[in-house]
Number of protein chains: 2
Amino acid sequence: MTDVKTGPNPLFLREEDLRQGIELLFYAYRDFTAEPDAMLGKIGLGRAHHRVIYFVGRYPGATVTELLAILRITKQSLSRVLGELMEQGYVEQRPGTKDRRQRLLTLTDKGQELERQLSDAQRARIARAYRAAGAEAVEGFRTVMLGIMDEIDRAKFPTPRGPGGKR
Amino acid sequence: MTDVKTGPNPLFLREEDLRQGIELLFYAYRDFTAEPDAMLGKIGLGRAHHRVIYFVGRYPGATVTELLAILRITKQSLSRVLGELMEQGYVEQRPGTKDRRQRLLTLTDKGQELERQLSDAQRARIARAYRAAGAEAVEGFRTVMLGIMDEIDRAKFPTPRGPGGKR
DNA sequence: GTTTTTACGTCAGTCATGTTGACTTATTTC
DNA sequence: GAAATAAGTCAACATGACTGACGTAAAAAC
């Protein structure tokens with residue numbers, strides 16, 4: 001108890017600090033997803049559809065296998081969601097040219113429009129938080145979030161270059 | 001377009017930066033929840049049970065209404081999960097003393113033990129990320145996460161006091 | 001050139017977690 | 001005493017995940 005030893009490195013981790021980290025993730029994620037979820041509900045879609053639309057928009061021409069690796073869900077789960085999105089004209093697929101077994105996925109115009117609307121709410125939230133926090137805090141955020149995620153996906157986030165400015 | 005006005009503040013936000021923020025949240029949360037989910041699966045519980053156990057452990061004597069405000073789910077959803085946890089001896093309730101309509105929730109020893117096991121995986125993940133990132137980055141993480149969540153719950157995270165050290 | 005692996009799809013059944021809506025009981029507040 | 005609040009309950013339903021089994025086409029390996 002009274003674990004208050006002041007070292008030269010201010011980073012000693014109390015129970016309290018770690019608990020706070022857990023809760024920050026819970027609350028931030030809860031609120032981060034609330035707006036898109038509400039929009040999706042109105043058109044009869046769910047969060048799973050948002051994720052697929054988001055990542056197909058992010059990686060146009062992605063294959064089903066690539067999507068599965070990102071989402072970490074089963075083929076059967078993805079299949080239903082993807083099927084609904086294609087049936088409703090948000091996503092299209094075409095056979096791969098190099099490998100004709102593959103289905104390369106892209107967003108239709110309708111899909112891009114929905115993607116934009118959904119992610120705009122999230123982008124605005126991130127932008128607001130980033131602006132209020134400042135560039136240095138954003139770098140810290142980035143570093144910690146990368147440390148929280150599994151190592152395997154960190155390569156998706158290349159080291160940022162400042163805007164030619166200081167440093 | 002080309003919204004690139006470089007002010008004295010180096011924080012100008014490109015599409016790319018915001019997109020990256022969205023993805024950091026997705027990947028970090030995905031991996032943050034994976035380990036407890038796997039443990040819970042083995043004993044026939046799910047993430048919803050973890051959340052209840054976590055917050056009852058965090059706020060011993062919390063009422064059902066308080067829990068509902070934190071989790072933002074319906075009473076009926078909570079009721080099922082809470083019922084299972086009580087039936088299986090993880091959570092207990094006793095009537096409130098000041099207001100006898102209330103049910104004050106606490107973890108049993110068994111519940112505390114499970115809470116510890118589940119959250120240990122998450123605490124270890126946070127601790128690893130914090131240590132690798134350093135104190136300054138952690139402060140930035142905290143600031144940005146607070147900015148992402150709705151204002152209403154920020155009061156749950158009082159401004160940290162350094163350990164009597166620098167600053 | 002046959003075998004094996006891979007990419008994708010599908011059918012069927014199940015489970016966990018959330019929702020809405022209606023209604024009840026006990027207790028506190030006005 | 002009436003109204004509001006805290007909690008619980010029943011019923012029906014939607015979503016998003018899972019396992020397991022099986023099928024097809026194409027590419028890769030032998």
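Throughout, a chain's letter reflects where its sequence line sits, starting with A, and its residues are numbered from 1. All values derive from a computational prediction rather than experimental measurement.
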Item checked: Between C1' of C:dG9 and CG of A:L105, the distance in whole Å -> 13 Å

Donor-acceptor contacts under 3.5 Å from residues 60-70 of chain A side chains, at least two apart:
| from | atom 1 | to | atom 2 | distance (Å) |
| --- | --- | --- | --- | --- |
| A:T63 | OG1 | A:E66 | N | 3.1 |
| A:E66 | OE1 | A:T63 | N | 2.9 |

Next item on the list: Please check if atom CD in A:E136 has more than 12 non-hydrogen atoms from other residues, nucleotides or ligands closer than 6.0 Å.
Entry: no

Next item on the list: Specify the angle, to 10°, made by the local axes at the two ends of the helix from C:dG1-D:dC30 to C:dC30-D:dG1 when five pairs are taken at each end.
Entry: 30°

Margin query: For nucleotides 24-30 of chain D, give me one character per nucleotide, 5' to 3': B if any protein heavy atom sits under 4.0 Å from the base, S if the only such contacts are to the sugar-phosphate, - if neither.
Written below: -BBS---

Run the side-chain donor-acceptor check on residues 33-49 of chain A: report pairs under 3.5 Å with partners two or more places apart or on a different chain.
| from | atom 1 | to | atom 2 | distance (Å) |
| --- | --- | --- | --- | --- |
| A:T33 | OG1 | A:Y29 | O | 2.9 |
| A:T33 | OG1 | A:R30 | O | 3.1 |
| A:T33 | OG1 | A:R47 | NH2 | 3.3 |
| A:E35 | OE1 | A:R125 | NE | 3.1 |
| A:E35 | OE1 | A:R125 | NH2 | 2.9 |
| A:D37 | OD1 | A:R47 | NE | 3.3 |
| A:D37 | OD2 | A:R47 | NE | 3.1 |
| A:D37 | OD2 | A:R47 | NH2 | 2.6 |
| A:H49 | ND1 | A:G46 | N | 2.9 |
| A:H49 | NE2 | A:E84 | OE1 | 2.6 |

What pairs of donor and acceptor atoms, side-chain ones from residues 138-147 of chain B against any protein atom, are under 3.5 angstrom apart with sequence neighbours left out?
| from | atom 1 | to | atom 2 | distance (Å) |
| --- | --- | --- | --- | --- |
| B:E139 | OE2 | B:R142 | NE | 3.4 |
| B:R142 | NH1 | A:Q20 | OE1 | 2.7 |
| B:R142 | NH2 | B:P158 | O | 3.4 |
| B:T143 | OG1 | B:E139 | O | 2.8 |

Checklist line | Flag if over 12 foreign heavy atoms under 6.0 Å of CD, A:Q88 | finding: yes

Note to self: According to salt bridge (charged side-chain N to carboxylate O under 4.0 Å, His left out), who are the partners of A:R101, at least two apart in sequence or on a separate chain?
What the structure shows: A:D99

Notebook entry, point to check: Listed by chain and number, what are the side chain to side chain donor-acceptor pair (under 3.5 Å) partners of A:T106, not counting sequence neighbours?
Noted result: none

Next item on the list: Rounded to the nearest angstrom, tell me the gap between atom CD in B:Q102 and atom C1' in C:dT29.
Entry: 14 Å

Margin query: Tell me the interatomic distance from A:E66, atom CD, to C:dA7, atom P, rounded to whole angstroms.
Written below: 10 Å

Notebook entry, point to check: Could you go step by step and tell me if B:Y54 and A:R19 meet the side chain to side chain contact (heavy atoms under 4.5 Å, CB included) rule?
Noted result: CA-CA 10 Å; B:Y54 178 85; A:R19 188 189 54 64; 2.7 Å; yes

Next item on the list: List for me each residue that meets side chain to side chain contact (heavy atoms under 4.5 Å, CB included) alongside A:Q93, sequence neighbours excluded, and say none if there are none.
Entry: A:M86, A:R103, A:L105

Notebook entry, point to check: By side chain to side chain donor-acceptor pair (under 3.5 Å), which residues pair with B:K156, not counting sequence neighbours?
Noted result: B:D153

Notebook entry, point to check: Got a sec, which residues hit side chain to side chain contact (heavy atoms under 4.5 Å, CB included) with A:Q117, two or more places apart in sequence or on another chain?
Noted result: A:E113

Note to self: Taking the side chain as everything from C-beta on, heavy atoms only, tell me whether B:M149 gets closer than 4.5 Å to A:F26.
What the structure shows: no

Notebook entry, point to check: Taking protein heavy atoms under 4.0 Å as touching, what does nucleotides 8-18 of chain D look like 5' to 3' if B marks base contact, S marks sugar-phosphate-only contact and - marks none?
Noted result: BBB----SBBB

Next item on the list: Strictly below 4.0 Å, heavy-atom distances to any atom of DNA chain C: list the hits from residues 23-31 of chain A, or just say none.
Entry: none

Check: If you round to the nearest 0.5 Å, how far is CZ of B:R123 from CZ of B:R116?
Finding: 8.5 Å

